[in-house]
Student: 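Below are the structure tokens for one structure; questions will follow.
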Amino acid sequence: MINIKKLRDEIDAVENALATRGYALDKDLFINLEKERKVLQVEVESLQSERKSLSNEFGKLKSQGKETDELKVNIDKINNKLKDKDSTLQTILEKINIFLLDIPNIPHESTPIGLNQDNNVVIKKYGDNLSTNSVDHLDITSNIDTELAAKLSGSRFSVLKGDIAKLQRALISFMLDTAIKNGYEEYYVPFMANKDSLTGTGQLPKFEEDLFKTTENLYLIPTAEVPLTNIHRDSLIDQNKLPIKLTSHTPCFRSEAGSYGRDTKGLIRQHQFEKIELVEVVEAKNSMDALNGLLNNAEEILQLLELPYQVVELCTGDIGFSACKTFDIEVWMPSQNTYREISSCSNFSDFQARRANIKIKTHSGKDLAHTINGSALAVGRTLIAILENKYDGSKEITLPQALKPYIENLTISI
RNA sequence: GGAGAGUUGGCUGAGUGGUCGAAAGCGCCUCCCUGCUAAGGAGGUAUAUGGGUAACUGUAUCGAGGGUUCGAAUCCCUCACUCUCCGCCA
């Protein structure tokens with residue numbers, strides 16, 4: 001949620017900043033709602049004040065055994081007026097709240113301006129041995145079985161078997177251990193989250209259709225960002241406890257509504273996939289440095305896995321709803337002859353902290369925290385990147401040395 | 001699933017209809033005292049939001065929502081969550 005004060009004081013600046021990400025702020029709507037709100041709020045509050053003092057008087061008269069009928073008539077009058085005005089005020093406030101929840105974060109000044117992904121900026125390329133293998137992962141191995149998954153569940157699921165299943169397990173352990181080595185504390189968290197949590201991190205109310213809803217109150221998490229960030233929802237964190245660095249491996253569930261026909265083949269886009277997530281809660285002044293650090297931590301995984309990648313600085317039109325700044329890491333995917341997103345590292349500034357009420361206690365007061373997070377990494381995509389980049393036409397693949405502690409044999413059969 | 005007890009400020013915890021935004025303690029801040037430390041003393045210290053250039057001041061908030069009442073932390077209803085015991089169970 002953006003700061004309503006900022007919206008009141010600098011609405012033109014906010015409008016312009018949001019326009020760079022393709023969001024048309026309905027300025028007139030807001031200004032009119034605010035105008036109404038102001039008048040009504042003043043009326044309601046002065047009526048409440050009046051009632052309060054008359055009620056006190058009522059109590060005094062009563063205790064002295066004096067006549068209260070006349071006073072009660074007056075109070076009733078006020079109460080009637082109040083009831084009317086207050087319900088109108090509540091309606092206005094609700095409209096303002098809905099309006100605010102719909103507004104995306106304001107892009108950071110360093111985020112390149114541009115309306116879509118064509119304006120993203122590649123800022124780094126790593127690894128120059130770009131494989132030209134054109135065989136895709138489903139053809140490389142029969143141990144990724146999407147047809148079987150279709151029988152069990154439906155489209156956009158997969159079954160992993162044998163060495164491939166082991167490889168996934170090895171990757172998960174490797175990534176978690178790397179995160180721990182980099183100072184993140186490992187968590188095991190629920191894979192279902194409530195509405196408050198999803199509102200806190202920004203998935204709700206706007207993106208409900210992207211989520212799987214299980215019961216009245218629970219949704220399958222689309223990323224571990226949701227539980228990890230919400231660990232600190234509604235809390236006041238001591239400044240000296242910062243930075244807070246958390247990691248978790250979870251499955252992630254996404255409905256992929258609206259992506260019909262995109263990446264239908266293989267492991268690229270699934271309803272369920274494994275991911276290791278890094279989350280940090282930091283002070284405002286440190287959040288950009290923290291984002292860079294987190295990005296380095298994610299890159300390190302790819303380097304250790306000997307995978308070529310590039311880092312892309314997303315432009316204003318391509319960053320996510322809650323983010324003010326995002327770097328994507330894209331891994332070389334030979335069969336597609338292109339780089340594909342394998343991690344997304346974002347700074348959310350105080351956007352999530354305001355929604356989730358995450359504050360920092362400093363010696364001079366309380367400040368909203370900044371939250372950042374990123375994948376390190378999406379496991380399924382990492383797995384297929386290894387397969388496709390290491391494939392040499394034989395029935396075996398030799399895994400990078402970094403995985404040695406995590407799997408009994410670095411040469412696996414496919 | 002059954003029975004019961006709870007949910008109050010940064011924390012612990014008092015408060016069963018008005019004088020309660022809320023005792024007390026802890027923590028924190030400022031100052032005093034002491035050669036340093038420890039101990040001690042005085043004062044301050046919730047959040048959100050409105051109005052106002054400001055000084056200042058209004059309102060709301062005691063898990064959430066509704067109700068009773070002139071007036072609700074306090075009484076009633078619904079819901080969520082926590083804890084205890086019983087049952088069941090990986």
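All of these numbers come straight from a predicted model, not from anything done at the bench. To find a chain, count down the sequence lines: A is the first, B the second, and so on, and within it residues start at 1.
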Student: Identify whether the distance between the nearest side-chain nitrogen and carboxylate oxygen of A:E67 and A:K72 falls below 4.0 Å.
Tutor: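 Salt bridge absent between A:E67 and A:K72.
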Student: Closest nucleotide of RNA chain B for A:K52 versus for A:R37: which of these residues is on the 5' side?
Tutor: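 Between the two, 5'-proximity favours A:R37.
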Student: Using whole Å, report how far CD1 of A:I4 lies from C1' of B:A48.
Tutor: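 The answer, rounded to whole Å, is 12 Å.
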Student: In whole angstrom, give the distance that lies between atom NZ of A:K83 and atom C1' of B:G71.
Tutor: 17 Å
Student: Any Lys/Arg nitrogen of A:D12 or A:K27 sitting under 4.0 Å from an Asp/Glu carboxylate oxygen of the other?
Tutor: yes
Student: Let me know the distance between CD1 of A:I96 and P of B:A48, rounded to the nearest Å.
Tutor: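 It is 18 Å, rounded to the nearest whole Å.
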Student: Hey, are A:N357 and A:R233 close enough side-chain-wise for a donor-acceptor pair under 3.5 Å?
Tutor: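 There is no such pair between these side chains.
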Student: Distance check, P atoms only: B:C31 and B:C20, in whole angstrom units.
Tutor: 32 Å
Student: Can you check the A:L47 CG to B:G50 P distance for me, whole Å?
Tutor: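 Between P of B:G50 and CG of A:L47: 19 Å.
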Student: Taking any heavy-atom pair under 4.0 Å as a contact, classify A:K359: base, sugar-phosphate, or nothing.
Tutor: sugar-phosphate
Student: How far, in whole Å, is B:C77 from B:G4 if one measures between their P atoms?
Tutor: 13 Å
Student: Of all the choices, B:C70, B:G10, B:U59, which nucleotide is nearest to the side chain of A:D76 once you look at every atom?
Tutor: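 Ranking B:C70, B:G10, B:U59 by closest atom to the A:D76 side chain puts B:C70 first.
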Student: Which whole-number value in Å describes the distance from A:N357 CG to B:A64 P?
Tutor: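 Value for this atom pair: 13 Å.
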Student: Assess whether one donor atom and one acceptor atom, taken from the side chain of A:Q41 and the base of B:G50, lie less than 3.5 Å apart.
Tutor: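 Result: no qualifying N/O pair found.
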Student: If you measure from the C1' atom in B:G17 to the same atom in B:U69, how many Å do you get, rounded?
Tutor: 9 Å
Student: For the C1' atoms, the ones on B:G9 and on B:U61, what distance do you get once it is rounded to whole angstrom?
Tutor: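 B:G9 and B:U61 have their C1' atoms separated by 11 Å.
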Student: Under 4.0 angstrom, heavy atoms only, what part of the nucleic acid is A:N74 near: base, sugar-phosphate, or nothing?
Tutor: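 Counting heavy atoms under 4.0 Å across all strands, no contact is made by A:N74.
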Student: Please report the distance separating the P of B:A73 from the corresponding atom of B:A22, rounded so that it comes out in whole Å.
Tutor: 12 Å
Student: Say you pick atom P in B:G18 and the same atom in B:C32; how far apart are they, in whole Å?
Tutor: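 So the two P atoms sit 43 Å from each other.
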Student: Is the shortest side-chain N to carboxylate O distance from A:K265 to A:D136 below 4.0 Å?
Tutor: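 Yes, A:K265 and A:D136 are salt-bridged.
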Student: Whether A:S49 contacts B:U59 is assessed here as follows: a side-chain N or O lying under 4.0 Å from the phosphate OP1 or OP2. Is that the case?
Tutor: yes
Student: Categorize A:K60 for me: base, sugar-phosphate, or nothing, with a 4.0 angstrom heavy-atom threshold over every strand shown.
Tutor: nothing
Student: Within this structure, what is the CG-to-C1' distance between A:N194 and B:A64, rounded to whole angstrom?
Tutor: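 Going from A:N194 (CG) to B:A64 (C1'), I get 13 Å.
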Student: Please report, rounded to the nearest Å, how far the C1' atom of B:G71 is from the CD atom of A:E50.
Tutor: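 These atoms are roughly 15 Å apart.
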Student: Grab the CG-C1' distance between A:L368 and B:U47 for me, whole Å please.
Tutor: 13 Å
Student: For the C1' atoms, the ones on B:U47 and on B:G43, what distance do you get once it is rounded to whole angstrom?
Tutor: 23 Å
Student: Could you tell me whether A:R354 and A:D350 make a salt bridge, using a distance below 4.0 angstrom between a side-chain N and a carboxylate O?
Tutor: yes
Student: Taking the side chain of A:F58 as its heavy atoms from C-beta onward, which of B:G18, B:U59, B:U47 lies nearest to it?
Tutor: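 So the nucleotide nearest the side chain must be B:G18.
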Student: Using heavy atoms to find the nearest nucleotide of RNA chain B for A:K72 and A:V42 separately, return the residue whose nucleotide is more 5′.
Tutor: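 Mapping each residue to its closest nucleotide by heavy atoms, the 5'-most match is A:V42.
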Student: Can a salt bridge be assigned to the pair A:R156 and A:E256 using a cut-off of 4.0 Å between side-chain N and carboxylate O?
Tutor: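 Salt bridge flag = no for A:E256 with A:R156.
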Student: Measuring from the side chain of A:S55 (C-beta onward, heavy atoms only), which nucleotide among B:G50, B:U59, B:G71 has the closest atom?
Tutor: B:G71
